[in-house]
Structure formats: structure tokens, C-alpha cells
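Just the heavy atoms: all of them, side chains too, but no hydrogens, waters or symmetry mates, feed the values below. Whatever order the structure lists ligands and atoms in, that order sets their numbers, starting from 1.
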Amino acid sequence: MLCGCSGSNEHVRNFEAWMQPNGKIKVLSTTAMIDDLVGQVGGERVDRLSLIVGEVDPHSYELIKGDDEKLAFATVIFTNGLGLEHGASLRARLQKRSAVVALGDELQKRYPELILHAGKAIDPHIWMDISLWMKTVDPIVETLTLADPEGKEVYERNGEALKAQMQQAHEQMLEQMHKIPASKRFLVTSHDAFNYFARAYLAESNETSQAEWQKRFAAPEGLAPDGQLSVADIQNIIKHLAQYKIEVIFPESNVSKDSLRKIVNACASKGLKVILSQSVLYADSMGSLDSGAGTYLKMIEHNVKVLQDAWQ
Ligand SMILES: [Zn+2]
């Protein structure tokens, strides 16, 4: 282990193995959160690979060497959709393939009332609410069954087991978060990735309208992290921190902490004591396998634990 790049070496090995024809269907998912569910539904019948690897921003992801081969070789490609993958090269390549299933777009067709909007933009961060992400299991089962009809029973059985596990995890997360007093459940992070999380886990049960629960979450950067903070952005977030007596703000694993540091400093200059959490939250990417946030459910559990520890 001379180069210290074992993670990327492992990915190259996975890619090479995945490219070997072996009779299995080859499933490519843009994000690791999708790939995790595909693995649980498909089991041994599918060879799966995630396109966007490591703690990089999926919003602006552009194709890198080898990605074209992956996109061309895949039997099935799952994307998040809802505008998440908006890097120009990836978007152009996805438009050329007919085997693409955008799970978020599928949810929007089936449950339009559950999808959140920020102005005209759709909020793509649907994985942040387990009970919503769980609803992508059916389209995954249906898509794998179409590609591999002999696997129908396996996919359906695995899908049902996965949904039951996710439902249980969802209820546990809700219970954990609601052990914290409502007056403390106000989250501020780098970018607008936690709206679904706030609606599901931070809001009081009577805060059902968007106007009511939205105060539970705020971020200085928009739906895609861009690092461009205006004076108004900073003033708005300071006002929000003061209004709800928020004492700690949380960095995200794959987003620069610069904007949050600016906010902490601006707060200090106004005599408002706000600290930056030492523990990061996982939003747009899962952690590495040894981070304790290396699977989809572990990532959400990690976030809940970090918030619990900070808000106790
Ligand atoms: Zn995001």
C-alpha cells in the first residue's frame, strides 16, 4: 500500500470485474445511495456499480475517464433525476441511452404531493427521508424484473424485505429525533439538502404545511452547493440563527466549510455565539466503508446520532 489510494484502486477493480460479461445484468447507478438499494434488491443476480464514487458533488458531476464505457455497457442505468445530475456531460450522455430509469421522476409521477419545490426548482434530495426513499424500491424491483424476468420472485421478495427494514429504520430515526425537545430541533447546514429530512424527522406532527416545518431547516447555499454567498445570504441566515436560538451549525462531508466559517465569524462580530460542529453530516454522498456511514441506512443513522449528540 504505497500510494495511499486503496479506495480508488478498489474502485478500479470493481469496475474491471463489472465489465466482465458473466450472464448477470449490469446495473449502473449514478449515486451510491441508489446503488445500495439495487444491491439489496438484486442480490447475487445483478452486478452493480455506482458512477459517482467518493465524496464528490453529484449536482455538478462531469464524466471522467472510464465513465463512457460504464454508461455504454450497462443493461440498466438508475439515476436520481429531479434535476440532481445536472453536469452537462453526464446529462448529455444519459439522454442518449434508453435504458435510463430516473427514480425521483418515477416518484414524482406516482406521489407528486410528496415532492418538494424551492421556487421553480424541484428539490432532488429525496433520499434524506427513509420513508420516501423506500418508495423507490418498487420501481427498482419492476425495472430489474423487466431486464431479467426469471428473477421476478427474488426481486419481489428482496424488495419486500428491504421495505420492511427501511420502514423500521424510519420509525427508529423519528423516535430518536423526537427525544430531543422541539425547541432544539433547528438544523442549519451548508446547502439545501435537508428539507426532506426536516419534514420527516425534525418537524412536530402538527407542522404539516411547508410554511410551518420549513423553519426547522435552513442553509446559506441553495439546492446545489455553489460556495457563492451574498451579503444577503449571510444576513438571512444570521437572522434565522438568532430567531431560533441556534447554537451549532453543521458542515456536510463533501462541501467546503468556508461558507459556514464565514457565518460563524459574522455571528461572532455581532455578539452571537454560534459554533461549527466538529462532526460532519452526510448529505449528497455516503461515507467510506470505515466511516460508519458507508451504507445508505448507516448514513442516515450517522446523521441522527450527530444531531442527537449536539442537541442533547
Ligand atoms: Zn445536494
Side-chain angles (χ1 to χ4, degrees), residues 29-37 50-63 78-91 94 102-105 107-108 114-130 132-133 136 187-202 210 213-214 216-230 233 236-237 249-260 263 276-277 279-288 291 293-300 302-304 306-307:
S29 302
T30 50
T31 70
M33 291 74 86
I34 302 172
D35 182 57
D36 184 307
L37 301 196
S50 138
L51 183 74
I52 303 171
V53 181
E55 295 180 14
V56 294
D57 173 14
H59 295 274
S60 57
Y61 184 82
E62 298 285 355
L63 298 183
F78 287 114
T79 68
N80 187 83
L82 300 178
L84 178 75
E85 300 94 340
H86 65 222
S89 57
L90 174 57
R91 210 174 47 190
L94 287 170
L103 293 169
D105 298 359
L107 285 198
Q108 194 181 23
L114 297 179
I115 302 299
L116 294 173
H117 295 76
K120 282 185 184 163
I122 297 175
D123 187 335
H125 302 91
I126 47 176
W127 60 92
M128 300 301 284
D129 168 356
I130 302 173
L132 186 58
W133 196 229
T136 65
L187 176 63
V188 171
T189 71
S190 306
H191 88 292
D192 262 345
F194 287 81
N195 288 306
Y196 290 100
F197 183 88
R199 182 178 67 177
Y201 304 113
L202 303 182
Q210 191 153 339
W213 63 256
Q214 235 170 10
R216 298 276 166 192
F217 172 62
E221 300 185 35
L223 284 174
D226 54 13
Q228 304 292 320
L229 282 199
S230 67
D233 289 334
N236 285 338
I237 207 86
I249 61 180
F250 297 87
E252 294 167 29
S253 67
N254 67 333
V255 180
S256 158
K257 292 178 183 155
D258 291 351
S259 327
L260 295 184
I263 290 162
L276 184 58
S277 163
S279 306
V280 297
L281 298 178
Y282 290 92
D284 285 356
S285 66
M286 297 184 341
S288 58
S291 68
T295 68
Y296 166 66
L297 284 179
K298 280 198 170 7
M299 157 191 180
I300 306 291
H302 165 97
N303 288 347
V304 166
V306 165
L307 296 179

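Defined by atom type and a distance below 3.5 Å, a donor-acceptor pair is present between the side-chain atoms of E85 and T30. Side-chain contact annotation: H125 with D192, donor-acceptor N/O pair under 3.5 Å absent.
Remark: R199 engages no residue in a salt bridge (charged side-chain N to carboxylate O under 4.0 Å, His left out) (not counting sequence neighbours).
Test L132, D284, L103 against W127 for side-chain contact (heavy atoms from CB on, under 4.5 Å) and you get one pass: D284.
In this structure the side chain of L260 never reaches within 4.5 angstrom of the side chain of D258, judged on heavy atoms. L90 places a side-chain heavy atom less than 4.5 Å from the side chain of L51.
For a distance threshold of 2.8 Å, the protein N, O or S atoms nearer than that to the Zn ion (ligand 1), listed by chain and number, are H59 NE2, H125 NE2, H191 NE2, D284 OD1, D284 OD2.
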